[in-house]
Amino acid sequence: MAIIQFPNGIKWGSATAAYQVEGAAFEDGRGPSIWDTFSHTPGKVKDGDNGDIACDSYHRYEEDIELMKELGITMYRFSVSWPRIYPEGTGEINQPGLAFYHRFVDKLLENGIEPMCTLYHWDLHQALQDKGGWANRDTIGAFVTYAETMFNEFNGKIKHWLTLNEPWCVSFLSNHMGVHAPGNQDLQLATTISHHLLVAHGKAVQKFRELEVQGQIGFAPNTTWLEPFSSRQQDIDACRREVGQQIEWFMDPVFKGEYPQFMLDWFNKKGVGLQLEEGDLEAIRQPVDFLGINYYTGNLARYKEDSGLFDTEHIETGVERTDIGWPVYPDGFYKVLTYIAGRYGDIPIYITENGACYNDEPADGRVKDDRRISYLQHHLAALSRAIESGVNIKGYFLWSLMDNFEWAEGYSKRFGIIHVDYRTLVRTKKDSYYWYKKVIANNWLEV
Ligand SMILES: CCOCCOc1ccc(-c2cn(C[C@@H]3NC[C@@H](O)[C@H]3O)nn2)cc1
């Protein structure tokens, strides 16, 4: 066995999101989100699951925070349900909604856990969607108003903010592939939405600076890595396009002030363009204090004409896959991180999501999830290599603290290091919870 020592000062955390864990969907004035609509639409979510109850963390947050404290994490990433704060999407503020998040954040702070708040983790108010959602530029203003409310309300309590979680999922997965809410299948719509999301991000960062909010702000794109099957330029280019839809498409405008030409050219070939308004790129390129990176999986791929949006074909290599079907590819994590550091420089990075779906169930009060421990060992080893290569990693948030509503997969896919029995809502610490607790306590791991 080898020992991997992490640098002193790395923050160890875990993450969840409002719609996936809170439940209390109709309580204390919360308005309806697109995920309430989507999950209650037959055929959209596996087994007809929805977030009405979820893990009931709205009521059980004190128990959850006790589990965080025992785990030893020093940061916890959660998201705020925008429809709890603005039950109509805009207009009146719902004080009971704000009061819940004050209770929650105060309890975190009392237990020595720093909150990292994601403002937008996919639960757009249905009333805003009815007016076009992110395709309507008015939603940008509504988001900035919501962000301003949260900045003013929690200034000094919350010192790490994320504007958006996984804008690729919000735009392309949800509006081109139709897999997530609201379930559209229109590439031009998705591309327009991706731009409006970035403008909303930039304007929220501008507001953060204007209000002189204490702390730091960033955003959390998702990433993947596709290794070209051969050194043929067409294989290399095909991989770059599919990876570029998540990395360069969202990060170049923020860090370079422009969209990547190779992606613009490809979208143009597909008959899709961008309508930029005066000041959009200036708004988007607001300097952020840190970058959140979400990484789960990658693959080997090659060019295949007319295959998917980018003429790519993923190759079956026989490598292990998790219970959601994603290849286990820790080297891809290293490649994503070193690629991003090489392209965008020394931006501080938090790994805002990394983890694995394994559906192990309790037996005799224990959950033996060895495969998750192995996934985490290999991905933390890759993270350590990235740090040694000079990538400026500030912290790691394991996805997820507990099993929860995995979007279109419902409750059939478990990412937690704590098992949740959805009939009784009983939480059971998995073997991976105890393993992670030891990593945090030691700041090293054995591989
Ligand atoms: C049928 C075709 O399907 C094509 C790919 O379809 C997907 C689905 C889902 C994802 C996905 C899920 N997650 C995990 C979440 N990140 C945020 C947090 O809320 C986690 O629950 N990241 N990416 C990617 C691609």
Side-chain angles (χ1 to χ4, degrees), residues 13-22 33-35 38-39 43-46 49 51 54-55 57 76-81 116-124 162-181 183-185 187 190 219-226 242-243 245-247 250 292-299 301 307-310 312-314 321-327 329 332-333 336 350-359 372 375 379 397-417 420:
S14 192
T16 61
Y19 190 76
Q20 296 182 270
V21 298
E22 283 181 2
S33 76
I34 57 175
W35 270 97
F38 195 74
S39 64
K44 297 297 186 187
V45 176
K46 198 165 184 177
D49 289 341
C55 306
S57 289
Y76 179 65
R77 179 183 172 224
F78 70 101
S79 80
V80 168
S81 166
M116 179 182 281
C117 175
T118 308
L119 288 167
Y120 187 71
H121 202 124
W122 306 358
D123 42 2
L124 183 70
L162 291 164
T163 53
L164 307 173
N165 183 69
E166 297 185 343
W168 175 83
C169 287
V170 179
S171 50
F172 294 103
L173 182 66
S174 303
N175 288 281
H176 172 231
M177 300 165 81
V179 175
H180 283 186
N184 297 312
Q185 292 182 291
L187 184 59
F219 75 133
N222 44 319
T223 64
T224 189
W225 191 260
L226 293 181
E242 187 165 332
V243 169
Q245 193 191 34
Q246 294 186 352
I247 295 182
F250 290 100
I293 292 290
N294 295 355
Y295 177 86
Y296 290 93
T297 187
N299 208 343
S307 170
L309 178 57
F310 300 108
T312 47
E313 177 185 42
H314 291 209
R321 289 175 182 262
T322 65
D323 287 348
I324 199 169
W326 299 348
Y329 184 29
F333 193 20
V336 159
Y350 284 90
I351 305 304
T352 33
E353 284 178 35
N354 176 246
C357 170
Y358 287 109
N359 295 330
R372 176 173 289 104
Y375 175 100
H379 284 77
F397 292 85
L398 193 157
W399 185 270
S400 178
L401 176 72
M402 69 184 86
D403 296 334
N404 57 57
F405 178 79
E406 180 49 39
W407 308 111
E409 297 292 339
Y411 298 105
S412 70
K413 301 294 184 292
R414 295 177 178 273
F415 278 84
I417 56 173
V420 176

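Counting convention: from 1, in listed order, for ligands and their atoms alike. Just so we're clear, the structure is a prediction, and the values are computed from it rather than from any experiment. Sequence positions, counted from 1, serve as the residue numbers for this chain.
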Counting both backbone and side chain atoms, is some N or O of [X] under 3.5 Å from an N or O of ligand 1?
| X | result |
| --- | --- |
| Trp122 | no |
| His180 | no |
| Trp168 | no |
| Asn294 | no |

Please identify which atoms of ligand 1 are closer than 4.0 Å to at least one heavy atom of [X].
| X | result |
| --- | --- |
| Met177 | 4 (C) |
| Glu353 | 15 (C), 16 (N), 17 (C), 18 (C), 20 (C) |
| Trp399 | 18 (C), 19 (O), 20 (C), 21 (O) |
| Gln20 | 18 (C), 19 (O), 21 (O) |

Quiz item: Relative to atom 1 (C) of ligand 1, which among Val179, Asn165, Thr118, Thr16 owns the nearest non-hydrogen atom?
Solution: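 Closest candidate by heavy-atom distance is Val179.
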Self-check item: Option nearest atom 11 (C) of ligand 1 (shortest heavy-atom distance, choices Trp326, Tyr296, Phe405, Trp407)
Solution: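 Nearest heavy atom to atom 11 (C) of ligand 1 lies in Trp326.
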For a 4.5 angstrom cut-off between non-hydrogen side-chain atoms, does [X] reach [Y]?
| X | Y | value |
| --- | --- | --- |
| Phe172 | Leu187 | yes |
| Asn294 | Asn165 | yes |
| Leu164 | Val170 | no |
| Thr163 | Tyr120 | no |

Quiz prompt | Minimum-distance protein heavy atom relative to atom 21 (O) of ligand 1 | solution =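 For atom 21 (O) of ligand 1, the nearest protein heavy atom is Glu406 OE1, 2.7 Å.
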Quiz item: Looking at residues at least two apart in the chain, or sitting in another chain, which of them share a side-chain contact (heavy atoms from CB on, under 4.5 Å) with Ala54?
Solution: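 Result, side-chain contact (heavy atoms from CB on, under 4.5 Å) vs Ala54: Tyr411.
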Quiz item: In chain order, what residues pass the side-chain contact (heavy atoms from CB on, under 4.5 Å) check against Ala18, with sequence neighbours excluded?
Solution: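 By the side-chain contact (heavy atoms from CB on, under 4.5 Å) rule, Ala18 matches Glu22, Ser79, Ser81, Tyr101, Asp123.
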Exercise. Report the C-alpha separation of Phe415 and Tyr296 in whole Å, then their side-chain angles, then the decisive distance to 0.1 Å, and conclude whether the ring pair (Phe, Tyr, Trp, His ring centres under 6.0 Å) test is met.
Key: CA-CA 11 Å; Phe415 278 84; Tyr296 290 93; 5.8 Å; yes
Quiz item: Can you say whether the rings of Phe405 and Trp407 are parallel (under 30°), tilted (30 to 60°) or perpendicular (over 60°)?
Solution: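 Rings of Phe405 and Trp407: perpendicular, over 60°.
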Practice problem: Tell me which part of Leu173 gets within contact of ligand 1: side chain, backbone, both or neither, using heavy atoms under 4.0 Å. | Solution: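 Contact part for Leu173 vs ligand 1: side chain (C-beta onward).
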Exercise. Examine ligand 1 and decide if any of its atoms is less than 4.0 Å from a heavy atom belonging to His121.
Key: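 In this structure, His121 qualifies as a contact of ligand 1 - some heavy atom is under 4.0 Å.
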Practice problem: Rounded to the nearest 0.5 Å, what's the gap from NE2 on His180 to CD on Glu409? Could you check? | Solution: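 Between His180 NE2 and Glu409 CD, I get 8.0 Å after rounding to 0.5 Å.
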